[in-house]
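Just so it is clear, the model here is predicted, and its values are computed rather than measured. Proteins get letters first, then strands, A, B, ... in listed order; numbering begins at 1 in each.
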Amino acid sequence: METKYNPTQIEAKWYEYWLQHKFFHSEPDEREPYTIVIPPPNVTGVLHMGHMLNNTIQDILVRRARQEGKNACWVPGTDHASIATEAKVVGKLAQQGIKKTDLTREQFLEHAWDWTREHGGIILKQLRKLGASCDWDRTGFTMDEIRSESVIKVFCDLYNKGLIYRGVRMVNWDPKALTALSDEEVIFKEHHGKLYYLRYKVEGEDRYAVVATTRPETIMGDTAMCINPNNPKTAWLHGKRVIVPLVNRVIPVIEDDYVDMEFGTGCLKVTPAHDVNDYMLGEKYNLPSIDIFNDNGTLSEKAGLYVGLDRFECREQIAKDLQSAGLMEKIEDYTNNVGFSERTNVPIEPKLSMQWFLRMEHLAKIALDPVINDDIRFYPIKYKNTYRHWLENIKDWCISRQLWWGHRIPAYYLPEGGYVVAETPEEALRLAIQKTGNTSLTADDLKQDSDCLDTWFSSWLWPISLFDGIRKPGNKEINYYYPTADLVTGPDIIFFWVARMIMAGYEYEGKMPFRNVYFTGIVRDKLGRKMSKSLGNSPDPLVLIEKFGADGVRMGMMLSAPAGNDILFDESLCEQGRNFNNKIWNCFRLVKGWQVADMQQPDECRQATDWFDAKLRQTSDEMQKLFKNYRLSEALMAIYKLFWDEFSSWYLEMIKPAYGQPVDALTYSRTLNFFDRLLRLLHPFMPFITEELWQNLEERKDGDTIMFQHIDNDALSAEDEQLLVHTEQLKQIIAGIRNIRQQREIPQKEALTLQIVGKPLTSGKELLTKLGNLDAIQYVEQKAPNAASFIAGVTEFAVPLDHFINVDEELQKLQAELKYQEGFLQSVMRKLGNERFVQNAKPEIVAMERKKLADAQSRIAALNESIATLKNN
RNA sequence: GGGCGAAUAGCGCAGUUGGUUCAGAGCAUCUGCCUUACAAGCAGAGGGUCGGGGGUUCGAAUCCCUCUUCGCCCACCA
């Protein structure tokens, strides 16, 4: 065996083995289910660091659940990602000189499916490299048959319940993707722009009313000016009419409290077609609405001026023209928030259009309480507030998108106007005939709505639709796997996805979709910046895996990923993970390299094995508690320290036979047993190396795997506790001896004598002798004059040295220690001298203080004696 | 503008109902070691007025008030 662990081949080998034996596959049975549905990544996406973190956590949870004897099922899949994918396909076609508008819907979809088949599922392949133990037989896609039918069924159901309606509303329009967006898809960013002060001539007078606006290009859509009726500064405009600059249209001055008297000039231009607030004013005062933009953000015929010009070019041009016309009072720098499209990153244009909406009142209501009451638990808990706030202020969900890649809205328009909503064209025809009484209607007469549904309208069904619970309610699978156990996702999609899954869960299953939600942090770089392509600070996960091994990378991710905190990723964390792998590897080499002899177990080995058995159970118990609270990083740290510090540095040194000597059979078998149990505890975090070593620890059969090996948690007895405390004391003494060696440059090979001043050791002599390399342990009343000493617990220990010791130095050390102890004693005495403390504090606290007092006193006595001894010589 | 959260060692963090020598572990740093499993290693060491100020209490990193600084979410001020 190599001295260094080489993961590449080993990882490939075991993943293949797991697949072959279908270890990841789950079928309903009598065991307790443990279900996770993957947050489906974009079908044409590639793995990034966020996925790495997220899926590592899911895999850890799933593997741990398997070891706990649950029927674990992790369902993978992908999302069709309507806008993102359509944009990619449009881009690719553009490269070939093909415009989307030149294609029919069917032709375009063919291209999209080609693209999906070509790139689809790459990301799932990449997940295998990470070790993800998904049930690949169950892989779903939001646009496959089951999921598509489920979406349509739900749409029809909600429509029939009156929760879906169609209407003209002001929506967020993406002029690049040419579609409406939901409020959640709009990201507000600070924008450094200008505030333009425009002069509107008052009709029939030679005066001007000045309006401050950030969007002078929208004046062609102005249909009123608005002032606050209580504003004395603008009162003179009451009842007047003004002339829109350049356009020369006469518009009324209206009055409404909405106008902020402090802002700008107190005059507001009202453009009902292109501003949400203006739209509301327009509705209120029955103003005409002039839509001056085309869908792509250029000026339309209706604008009358600048037709065909882009909205931002128009802004610059109109500013110049206004200036030359003397209609621009001034221009100021101004910073405000502008909404951008989440997907295309272009400024959103508020636009009036006909869209489909889902009423949210009822759904918000059923989704709120379960989270507030902790039926569904959020980790970390702080997201409960965010969730509540959103649900309490929710608005209707715009679910239609002017895209082709997605689930087409099942609404069919009738030749004579009106429409029907149905799951199939046949059913639509039946309904249409029923509705119109026109029996001569044919399918061709009906025109299906050309829009498709928001991607999230399919994602929100994911935990149900993966088990076909929408099409076949109450089927065996949905009954068994639903509700799922844990959802692992980012807080950025708490509204997009988490909240809506909860709504759908209660609406369609009457139950929560998951019991716990683990919100991961965002993976950032070392400097705290988000990882992005443009910054080039995002490492390629597959390159990392190649470099450090999947186990190493997994550990690197987990080392600093407490739930909800952003993680500052640094390659050095993976290095630490790789180093740990190597440590485990070398421990294995050591243990398996021993000769075993049929001989009596030496005392120190008996002590060591008894101790480590207790230590192992202690940590295992601790880990169980940490897992229960989703404190995975801490659970990993616990097993990391157990393996490295306790097992390798202490235990193996305790039992290690002298060079060339064999180990006794009992110690050997117990050590293999420990190794086995350690590997089990490690397995969820580092699946590959643990399988490799577990397979080689003992003779195994084909089909054996560490994946299903249970983790036992036997409680610690009082004796165990005692043993743990006692061994810690021994470790302290050994550290003291090592210190003396280090300070005086005494090699480990040179044996020393240990003097114990005062009370004798109850046990552990053999261990001390071995690890300290002692030739004798003496109990003395007074330490030797030439001894170096230290205190462990309340006892003084000394090591007589042949050579001259520096008395001054030794004295200084002891006196410093004495000073510290006396200071400590003072503080304890002050506390105990305080009557109110003794009266009010809990009795056990007071007792503890008394013990501290006594301990300090004995240490001080020992120190004084030690100092006296030194001085006398 | 509203809400939420955070501030503890050089760094990223833990610190459960206030009370053990409670001021912690990991990484980094420093010192000494190529000691026959591992230098991707071993053995040691240093390092913090718990953001500032005030208060409650016998006792505060922990509870209250206040200030400062960051982060996140929500919001229609042109």
- Measure the distance from CD1 on A/Ile584 to P on B/A40 and round it to the nearest whole Å. 17 Å
- Message: Please give the distance between the P atoms of B/A6 and B/A14 as a whole number of Å.
- Response: 10 Å
- Message: For the C1' atoms, the ones on B/U16 and on B/G24, what distance do you get once it is rounded to whole angstrom?
- Response: 15 Å
- Strictly by modelled atom types, are A/Thr271 and A/Lys269 linked by a side-chain donor-acceptor pair under 3.5 Å? yes
- Does A/Lys819 NZ have over 12 foreign heavy atoms under 6.0 Å away? no
- Message: Just checking A/Phe647 against A/Tyr651, ring centres under 6.0 Å apart?
- Response: yes
What protein N or O atoms touch nucleotides 58-64 of chain B N or O atoms at under 3.5 angstrom, if any, and at what distances?
from: B/C58; atom 1: OP1; to: A/Arg836; atom 2: NH1; distance (Å): 3.0
from: B/C58; atom 1: O2'; to: A/Asn834; atom 2: ND2; distance (Å): 2.7

- Who are the ring-ring contact (aromatic ring centres under 6.0 Å, His included) partners of A/Tyr196, not counting sequence neighbours? none
- Query: Reckon A/Arg578 touches a base, only the sugar-phosphate, or nothing at all at heavy-atom distances under 4.0 Å?
  - Reply: base
- Item | Rounded distance (Å) that lies between atom C1' of B/G5 and atom CZ of A/Phe378 | 16 Å
- Message: Using a 4.0 Å heavy-atom cut-off to protein, can you give one letter per nucleotide of nucleotides 69-77 of chain B, 5' to 3': B if the base is in contact, S if only the sugar-phosphate is, - if neither?
- Response: ----SSBBB
- Mapping A/Asn582 and A/Glu817 to their closest nucleotides on RNA chain B, which lands nearer the 5' end? A/Glu817
- Message: Within the 3.5 Å criterion, strictly below it, is a donor on A/Glu185 or A/Ser182 matched to an acceptor on the partner's side chain?
- Response: yes
- Message: Within the structure provided, determine whether A/Trp173 and A/Pro350 are in side-chain contact (heavy-atom separation under 4.5 Å).
- Response: no
- Query: Within the structure shown, what part of the strands sits under 4.0 Å from A/Leu268 by heavy-atom distance: base, sugar-phosphate, or nothing?
  - Reply: base
- Out of B/U36, B/A14, B/A39, minimum distance to the side chain of A/Arg631 belongs to B/A14
- Message: If the threshold is 4.0 Å, N to carboxylate O, is there a salt bridge linking A/Glu653 and A/Lys656?
- Response: yes
- Going 5' to 3' through nucleotides 25-31 of chain B and flagging B where a protein heavy-atom sits under 4.0 Å of the base, S where only the sugar-phosphate is that close, and - otherwise, we get SSS---B
- Nearest-Å distance once atom C1' is located in both B/A60 and B/U49: 14 Å
- Message: For A/Gln821 and A/Glu817, which I'm curious about, is there any donor-acceptor pair between the side chains at under 3.5 Å?
- Response: yes
- Message: Between A/Tyr383 and A/Phe378, is the ring centroid distance below 6.0 Å?
- Response: no
- Message: For the CD atom on A/Gln839, are there more than 12 heavy atoms of other groups (residues, nucleotides or ligands in this structure) within a distance under 6.0 Å?
- Response: yes
- Query: When you check the side-chain N and O atoms of A/Asn172 and A/Asp183, is any donor under 3.5 Å from an acceptor?
  - Reply: yes
- Message: Any non-hydrogen side-chain atom of A/Ser649 less than 4.5 Å from a side-chain atom of A/Trp644?
- Response: yes
- Message: Evaluate A/Lys851 against A/Asp855 for salt bridge (charged side-chain N to carboxylate O under 4.0 Å, His left out), listing each step before the verdict.
- Response: CA-CA 6 Å; A/Lys851 181 167 189 307; A/Asp855 286 357; 2.9 Å; yes
- Item | For atom CG of A/Asn228 and atom P of B/A78, their distance in whole Å | 17 Å
- Item | A/Cys587 side chain, from C-beta outward: closest of B/A40, B/A78, B/A37 | B/A37
- How far does the P atom of B/U36 sit from the matching atom of B/C11, given to the nearest Å? 38 Å
- In whole Å, what is the span from the CG atom of A/Leu652 to the C1' atom of B/U36? 15 Å
- Query: Given side chains that start at C-beta, do those of A/Phe495 and A/Ile394 come closer than 4.5 Å, heavy atoms only?
  - Reply: no
- Message: Please classify the nucleic acid contact of A/Trp644 as base, sugar-phosphate, or nothing, using heavy-atom distances under 4.0 Å.
- Response: sugar-phosphate
- Checking salt bridge (charged side-chain N to carboxylate O under 4.0 Å, His left out) for the pair A/Glu646/A/Lys641: CA distance, chi angles, key distance, verdict? CA-CA 7 Å; A/Glu646 307 297 345; A/Lys641 285 197 280 193; over 6 Å; no
Can you pull every protein N or O that's under 3.5 Å from an N or O on nucleotides 33-35 of chain B?
none

- Note on the structure: When rounded to whole Å, the NZ to C1' distance for the pair A/Lys851 and B/U20 reads 9 Å
- To the nearest 0.5 angstrom, please state how far the CD1 atom of A/Ile254 sits from the OG1 atom of A/Thr223. 8.0 Å
- Item | B/C42 phosphate, OP1 or OP2, under 4.0 Å from A/Lys583 side-chain N/O | yes
- Item | Whole-angstrom distance between B/G71 and B/U35, as gauged at atom C1' | 50 Å
- Message: By the 4.0 Å heavy-atom rule, please label A/Arg850 as base, sugar-phosphate, or nothing.
- Response: nothing
- Query: Taking the same atom, C1', in B/A7 and in B/A61, what whole-Å distance lies between them?
  - Reply: 12 Å
- Please give, in whole Å, the distance from B/G44 P to A/Ile737 CD1? 11 Å
- Message: Just to be sure I understand the rule, does A/Glu392 reach a base, reach only the sugar-phosphate, or reach nothing, if contact means heavy atoms closer than 4.0 Å?
- Response: nothing
- Item | Pairwise P distance, B/C38 and B/G19 [rounded to whole Å] | 46 Å
- Query: Roughly how many Å is it from CZ in A/Phe588 to P in B/A40, rounded to a whole number?
  - Reply: 22 Å
- Considering just the side-chain nitrogens and oxygens of A/Asn739, establish if one lies under 4.0 Å of OP1 or OP2 belonging to B/A43. no
- Going by distance alone, is a donor N or O of one side chain under 3.5 Å from an acceptor N or O of the other, for A/Asn696 and A/Glu692? yes
- Message: Pairs counted only when both distances fall under 3.5 Å, Watson-Crick or G-U: show me the 5' to 3' dot-bracket for RNA chain B, [ ] for pseudoknotted crossings and | for other-strand partners.
- Response: (((((((..((.(.....[....).)).(((((.......))))).....(((((..]....))))))))))))....
- Task: Determine, for A/Glu849 against A/Lys831, whether the closest basic-nitrogen to carboxylate-oxygen distance falls under 4.0 angstrom.
- Result: yes
- Does NZ or CZ of A/Lys330 come closer than 6.0 Å to the centre of the six-membered ring of A/Tyr197, within 45° of the ring's axis? yes
- Could you check how far NZ of A/Lys269 sits from P of B/A78, rounded to whole Å? 13 Å
- Task: Sticking with atom C1', work out how far B/C34 lies from B/G41, rounded to a whole angstrom.
- Result: 10 Å
